[in-house]
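None of the values given here were measured: they were computed from a predicted structure. Chain A is the first sequence line, chain B the second, and so forth, proteins listed ahead of strands; every chain is numbered from 1.
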Number of protein chains: 2
Amino acid sequence: MSQRGSNNRDKIVQAADQLFYVNGYNQTSFSDIAEETGIPRGNFYYYFKTKDDILTAVLDYRSHLIEEMLKACEQHSAEPREQLIYLVEVLIREEDNIINYGCPIGTMSTELSKSSVPLQQQVAALFELLRVWIEKKLSLIGFSHRAQALSMEILSRLQGTTVLANVYHDVEFLKRSAKQHKQWLTELLCNN
Amino acid sequence: MSQRGSNNRDKIVQAADQLFYVNGYNQTSFSDIAEETGIPRGNFYYYFKTKDDILTAVLDYRSHLIEEMLKACEQHSAEPREQLIYLVEVLIREEDNIINYGCPIGTMSTELSKSSVPLQQQVAALFELLRVWIEKKLSLIGFSHRAQALSMEILSRLQGTTVLANVYHDVEFLKRSAKQHKQWLTELLCNN
DNA sequence: GTCTATACCCAGATAGAC
DNA sequence: GTCTATCTGGGTATAGAC
C-alpha cells in the first residue's frame with residue numbers, strides 16, 4: 001500500500017496525509033490535494049465519495065504507519081524495556097516535524113475532537129494502538145495491575161511535550177524533555 | 001469589559017469565544033455567531049474588519065480570563081505553594097469542559113499552529129502568561145535557576161493530561177492525573 | 001449604530017465526454 | 001479510469017438604507 005504509491009488512490013492518500021498534518025484537515029481543500037498530486041479535483045470522486053472518506057483513508061494509513069513504527073521498536077531490540085525507551089526517542093527522531101507541526105496523532109485528535117463523534121472515535125483508535133502496545137510491554141516487564149494506568153501516563157507525558165514544543169517552537173525544550181522522560185522511564189522500569 | 005457584556009461588541013466576543021472553544025475557530029462561521037447573539041452578520045463589520053480581528057479580540061478576552069484566574073489563585077492563599085496547587089486544581093474545577101472540549105488555550109494553540117505566524121505568536125502569548133506566573137511563584141519559593149525549566153514542565157504535564165482526557169473522554173483519568181500532579185508538586189515544593 | 005440585501009469567491013460535489 | 005465543465009451552498013465581506 002504505502003511502499004509503491006504507484007496508483008492514484010495511494011498518491012491522494014499520502015498527499016492528503018501530509019497536508020492534513022501540516023495545515024489541518026479543515027484547512028486542506030481538494031484543490032490543495034489536486035495541486036500536490038497533479039490529479040484533477042473531479043477525479044477524486046472516483047476513489048472517494050466525500051472528503052470525510054479521504055480522512056478515513058488517511059486515518060487508516062496513519063494506523064499503518066504507527067504499526068510500522070511499533071514494529072521498528074521491536075526490531076531495534078528484543079528487550080521490552082529497550083523497546084519502550086526507543087519509542088520515547090521518537091521525540092528526537094521526529095524533532096523537526098514535532099517543532100513545526102506537533103504530534104501527527106495529537107494534533108489531529110485535538111482538531112477532530114471538535115467534530116462529529118464517529119470521527120473522534122476513529123482518531124482515538126490511533127492513540128489506542130499506541131497505548132495497547134505500551135501496556136503490553138509493561139505487562140511483560142511485570143507491571144501487571146499498573147500497566148494500564150502507566151500506559152496512559154506515558155502517552156500523557158509525551159503529548160504534553162509535543163504540544164509545548166510546537167507552541168513555543170522550542171527545540172531545546174523538546175530535547176530536554178525527551179531526555180527527562182527517558183530517565184524517568186529507565187528508573188521506573190529498572191526498579192521493577 | 002467582561003462583567004457587563006451589555007454592548008454588542010462584547011456580546012460578539014463572548015459568543016465567539018465560546019463557539020471557538022467548542023467548535024474550533026475554522027469551524028465557526030459568522031452565521032453561527034449571529035445566531036448565538038441575535039446580531040445580524042452584516043453588523044459585525046461595524047466592530048471588526050475581518051474574522052481574524054474577531055479572533056484577536058477573543059484572544060485578548062482569554063488573556064483577561066487567564067489573569068482573572070491567576071488573581072483567584074492569589075486570593076485563595078497568600079502562600080505561593082498553595083497558589084500553585086490551586087492552579088493545578090483547575091483540572092478538576094473545569095472537569096466537564098476539559099473532557100468535552102479540551103484545554104481552551106491548548107486546543108486553540110494547536111489549531112492555530114497550522115496557521116499564519118502572527119496568529120501563532122498571539123496564542124503562544126497566552127501560554128506565556130501562565131508560564132511566567134508559575135515561574136515567578138517558583139522563584140519566590142526558591143527555585144531560582146530551575147524555575148524556568150520547571151514552569152515548562154508543569155505546563156507540559158497539565159497539557160498532556162487535558163489532551164488525553166479529551167481524546168478518551170475519560171473523567172477518571174483526568175481526576176487520577178490531577179491528583180498525581182498535585183502529589184508530585186507538593187513533594188517537589190516541600191523539598192525546597 | 002443598526003440592519004438588509006447582496007456581491008463574490010471558493011468549498012465540496014456532480015454529470016458526462018473521452 | 002481519467003479529465004473538463006459545471007452546479008450548488010455557504011463562507012467572508014461590502015454597500016447602502018434607515
Side-chain angles (χ1 to χ4, degrees), chain A residues 1 4-61 108 111-112 114-120 122-123, chain B residues 1 4-61 108 111-112 114-116 118-120 122:
Chain A
M1 167 194 183
R4 299 193 299 104
S6 55
N7 67 63
N8 278 350
R9 204 196 117 102
D10 289 353
K11 270 203 238 171
I12 292 169
V13 170
Q14 285 171 36
D17 172 62
Q18 186 63 15
L19 287 165
F20 291 174
Y21 180 35
V22 173
N23 300 323
Y25 173 66
N26 292 307
Q27 292 311 288
T28 301
S29 69
F30 281 72
S31 303
D32 295 331
I33 306 174
E35 196 174 355
E36 186 69 21
T37 56
I39 299 166
R41 282 171 292 295
N43 200 344
F44 292 5
Y45 293 89
Y46 175 74
Y47 303 101
F48 308 96
K49 265 202 281 293
T50 66
K51 193 187 175 189
D52 274 9
D53 284 354
I54 298 183
L55 177 58
T56 298
V58 166
L59 292 177
D60 282 347
Y61 177 59
M108 181 74 100
E111 182 176 7
L112 296 184
K114 299 179 188 298
S115 310
S116 71
V117 174
L119 282 179
Q120 291 181 34
Q122 274 187 282
V123 227
Chain B
M1 164 197 184
R4 299 191 299 104
S6 54
N7 66 62
N8 279 351
R9 203 196 117 101
D10 288 352
K11 270 203 235 169
I12 292 169
V13 170
Q14 283 171 38
D17 173 61
Q18 186 64 14
L19 287 165
F20 291 173
Y21 180 36
V22 172
N23 299 323
Y25 172 66
N26 292 306
Q27 292 310 289
T28 302
S29 68
F30 281 74
S31 303
D32 295 331
I33 305 173
E35 195 174 355
E36 186 69 22
T37 55
I39 300 166
R41 283 171 291 297
N43 200 345
F44 293 4
Y45 293 90
Y46 175 73
Y47 303 101
F48 307 97
K49 262 201 283 293
T50 67
K51 194 185 175 191
D52 274 9
D53 283 354
I54 298 184
L55 178 56
T56 298
V58 166
L59 293 177
D60 281 347
Y61 177 58
M108 181 73 102
E111 182 176 6
L112 297 184
K114 300 180 188 301
S115 308
S116 71
L119 282 179
Q120 291 181 34
Q122 272 187 284

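Nearest to the side chain of B/Asn8, among C/dA11, D/dA13, C/dT2, sits C/dT2. Nearest nucleotide to the side chain of A/Tyr46, out of D/dT12, D/dT2, C/dA13: D/dT2. For B/Tyr47, counting side-chain heavy atoms from C-beta on, the closest listed nucleotide (D/dA13, C/dA11, C/dT2) is C/dT2. When each of D/dC3, D/dT14, C/dT14 is scored by its nearest atom to the side-chain atoms of A/Pro40, the top-ranked nucleotide is D/dC3.
Residue contacts for B/Phe30: at a heavy-atom cut-off of 4.0 Å it reaches the sugar-phosphate backbone alone, with no base atom in range.
For the pair B/Asn43 CG and D/dG16 P, the interatomic distance rounds to 18 Å; values are reported in whole Å. Between the NZ atom of A/Lys51 and the C1' atom of C/dT14 there is a distance of 18 Å, given to the nearest Å. Summarising the geometry, the separation between CD on A/Gln27 and P on C/dG12 is reported as 10 Å, rounded to the nearest angstrom. Summarising the geometry, the separation between CZ on A/Phe44 and C1' on C/dA11 is reported as 13 Å, rounded to the nearest angstrom. D/dG11 atom P lies 14 Å from atom OH of B/Tyr25, rounded to whole Å. Look at NZ on B/Lys49: it is 12 Å from P on D/dA13, rounded to the nearest Å. Between the CZ atom of A/Arg9 and the P atom of D/dT2 there is a distance of 13 Å, given to the nearest Å. A/Ile54 places its CD1 atom 8 Å from the P atom of C/dA13, with the value rounded to the nearest Å.
Listed pair A/Ser29 / C/dC10 fails the phosphate criterion, with no side-chain N or O lying under 4.0 Å from OP1 or OP2. Dashed line: the shortest gap from a side-chain N or O of A/Thr50 to OP1 or OP2 of C/dG12 is not under 4.0 Å. Contact check, B/Tyr45 against D/dA13: a side-chain N or O comes under 4.0 Å of OP1 or OP2.
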- Item | CA sep, side-chain torsions, deciding dist, call: A/Asp53, A/Tyr45, side chain to side chain donor-acceptor pair (under 3.5 Å) | CA-CA 10 Å; A/Asp53 284 354; A/Tyr45 293 89; over 6 Å; no
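Shown here for B/Ala15 and B/Glu36, the closest heavy-atom pair between the two residues is CB-CG, 3.8 Å.
Atoms CE and CG, on B/Met108 and B/Leu119 in that order, are 9.5 Å from each other to the nearest 0.5 Å. With values rounded to the nearest 0.5 angstrom, B/Phe44 atom CZ is found 6.0 Å from B/Ile54 atom CD1.
Both tests do not hold together for B/Lys11 against B/Tyr47: distance to the six-membered ring centre under 6.0 Å, angle to the ring axis within 45°.
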